[in-house]
Asks: 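I have a structure I would like to understand better, so I am pasting it below and will then ask my questions one at a time.
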Amino acid sequence: METETATRWLSDEEQRAWRTHLDVSKLLMHQLEKDLQPFGLTINDYEILVNLSESEESRMRMSDLAGATLQSKSRLSHQITRMETAGLVRRENCESDRRGLYAVLTDHGAQVMREVAPHHVASVRRHFIDLMPPADLAALRETLTPVAEHLREQRVG
């Protein structure tokens, strides 16, 4: 027999904090995406370029890249196809696993990263970092770290 548990509704203060978080998350991602548009990139494109540029030999297994960007393998495959057409990345077979594929940053993709990264960082500063005192940024990081760790554990479990 199931036991019914009472719903723990959000208090007014919790509700305001939650909705502020949602607003900031949506509005910030919208603005960062808008600031990437002049370069012909989406925020997903940029995230993939960042992951590849920071990886050893500027390459990642497609399955690892899907996990790093929180995309399904199918969605990532479509994204990579579009980025291949733009000359930003290419796919390579995995020598050790015939079923595996790598996404590899091309020279053109690396050049685009070098051009776009300063603009993206300026956008992040303008719309997020520079709006808070350093102490508040440190407190925000400390506050959100346990939430991020919990959510990462949920993905694995």
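Computed from a predicted structure; not experimentally measured. The figures that follow rest on heavy atoms only: side chains count, while hydrogens, waters and symmetry mates do not.
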Asks: What is the minimum heavy-atom distance between M113 and S53, and which atoms define it?
Replies: CE-OG, 3.9 Å

Asks: Between CZ of R91 and OH of Y102, what distance do you get to the nearest 0.5 Å?
Replies: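 Result: 15.5 Å between the selected atoms.
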
Asks: Please test L28 against V124 for side chain to side chain contact (heavy atoms under 4.5 Å, CB included), starting from the C-alpha separation and ending with a verdict.
Replies: CA-CA 9 Å; L28 182 59; V124 169; over 6 Å; no

Asks: Is it true that a side-chain atom of E149 and a backbone atom of P146 form a donor plus acceptor pair closer than 3.5 Å?
Replies: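 Not at all, since once roles are kept as given, no pair shorter than 3.5 Å links the two residues.
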
Asks: Quick check: do R59 and E92 have side-chain heavy atoms less than 4.5 Å from each other?
Replies: yes

Asks: Name the residue from R82, M83, E33, Q71 that meets the side chain to side chain contact (heavy atoms under 4.5 Å, CB included) definition with N44.
Replies: Q71

Asks: Identify the two heavy atoms, one from V104 and one from L52, that lie closest to each other, and give their separation to 0.1 Å.
Replies: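 Heavy atoms of V104 and L52 come nearest at C-CD1, 4.2 Å.
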
Asks: Should E13 and R16 count as an ion pair when the cut-off is N to O under 4.0 Å?
Replies: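 Judged by the 4.0 Å cut-off on N to carboxylate O distance, E13 and R16 do form a salt bridge.
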
Asks: Are more than 12 heavy atoms, taken from residues, nucleotides or ligands other than D107, located less than 6.0 Å from that residue's CG atom?
Replies: no

Asks: Would you check, one step at a time, whether the test side-chain hydrogen bond (donor to acceptor under 3.5 Å, both in side chains) holds for T42 with D45?
Replies: CA-CA 5 Å; T42 66; D45 295 335; 3.3 Å; yes

Asks: To the nearest 0.5 angstrom, please state how far the NZ atom of K34 sits from the OG atom of S123.
Replies: 10.0 Å

Asks: Between the side chain of T106 and the main-chain N/O of G87, is any donor-acceptor distance below 3.5 Å?
Replies: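 Yes; judged by distance alone, with no hydrogens or angles, the pair exists.
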
Asks: May I ask you to decide if S58's main-chain N or O and S55's side chain share a donor-acceptor pair within less than 3.5 Å?
Replies: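 Not a single qualifying donor-acceptor pair exists.
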
Asks: Could you tell me which non-hydrogen atom of R61 sits nearest to which non-hydrogen atom of G100, and how far apart they are?
Replies: NH2-CA, 3.6 Å

Asks: What about L27 and L140, same hydrophobic cluster or not, with Ile/Leu/Val/Met/Phe/Trp/Tyr joined at side-chain heavy-atom distances under 4.5 Å?
Replies: no

Asks: Could you see if V112 belongs to whatever hydrophobic cluster contains V121? Use Ile, Leu, Val, Met, Phe, Trp, Tyr and a side-chain cutoff under 4.5 Å.
Replies: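 Unlinked, V112 and V121 end up in two clusters.
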
Asks: I would like to know whether V116 and L49 meet side chain to side chain contact (heavy atoms under 4.5 Å, CB included); could you show each step before the answer?
Replies: CA-CA 10 Å; V116 175; L49 293 175; over 6 Å; no

Asks: Once you round to the nearest 0.5 Å, how far does CE of M62 lie from CD of Q79?
Replies: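 Going from CE on M62 over to CD on Q79, the span is 10.0 Å.
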
Asks: M29 and W18: same hydrophobic cluster, using ILVMFWY side-chain contacts below 4.5 Å?
Replies: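 Different clusters: M29 never reaches W18 through Ile, Leu, Val, Met, Phe, Trp or Tyr contacts under 4.5 Å.
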
Asks: Between M132 and D136, which heavy-atom pair has the shortest distance, and what is it?
Replies: CB-CB, 4.3 Å

Asks: Count I, L, V, M, F, W, Y as connected when their side-chain heavy atoms are under 4.5 Å apart, and connections chain through other members. Are F39 and I43 then in the same cluster?
Replies: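 Result: yes, single cluster for both.
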
Asks: Starting from the C-alpha separation in whole Å, work towards a yes-or-no answer on side chain to side chain contact (heavy atoms under 4.5 Å, CB included) for H78 and R75.
Replies: CA-CA 5 Å; H78 290 295; R75 181 163 189 234; 5.7 Å; no

Asks: Determine whether a donor-acceptor pair (N or O, by modelled atom type, separation under 3.5 Å) exists between the side chain of T145 and the backbone of R141.
Replies: yes

Asks: Take D35 and Q31, measure what side-chain hydrogen bond (donor to acceptor under 3.5 Å, both in side chains) needs, and give me the verdict at the end.
Replies: CA-CA 6 Å; D35 290 349; Q31 185 63 53; 3.0 Å; yes

Asks: Going from CZ on R114 to CD on Q111, what distance comes out if it is rounded to the nearest 0.5 angstrom?
Replies: 4.5 Å

Asks: What's the shortest heavy-atom distance between T69 and N51, and which atoms?
Replies: CG2-ND2, 3.8 Å

Asks: State, with a plain yes or no, whether a side-chain heavy atom of L41 is found less than 4.5 Å away from one of L88.
Replies: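 They are in contact (side-chain heavy atoms under 4.5 Å apart), so the answer is yes.
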
Asks: Quick check on H30: does its NE2 atom have over 12 non-hydrogen neighbours (other residues, nucleotides or ligands) under 6.0 Å away?
Replies: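 Count not over threshold, so no.
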
Asks: Give the minimum heavy-atom separation between M60 and A68, together with the two atoms involved.
Replies: CE-CB, 4.2 Å

Asks: Report yes if some heavy atom in the side chain of R155 is under 4.5 Å from a heavy atom in the side chain of L70; otherwise report no.
Replies: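 Result yes, sub-4.5 Å side-chain heavy-atom pair found.
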
Asks: For the pair R19 and Q15, evaluate side-chain hydrogen bond (donor to acceptor under 3.5 Å, both in side chains) and give the outcome as yes or no after the intermediate values.
Replies: CA-CA 6 Å; R19 289 193 176 170; Q15 183 76 268; 3.3 Å; yes

Asks: Show, in sequence, the C-alpha distance, side-chain angles and deciding distance for I48 and I80, and conclude whether the side chain to side chain contact (heavy atoms under 4.5 Å, CB included) test is met.
Replies: CA-CA 9 Å; I48 289 167; I80 293 295; 4.0 Å; yes

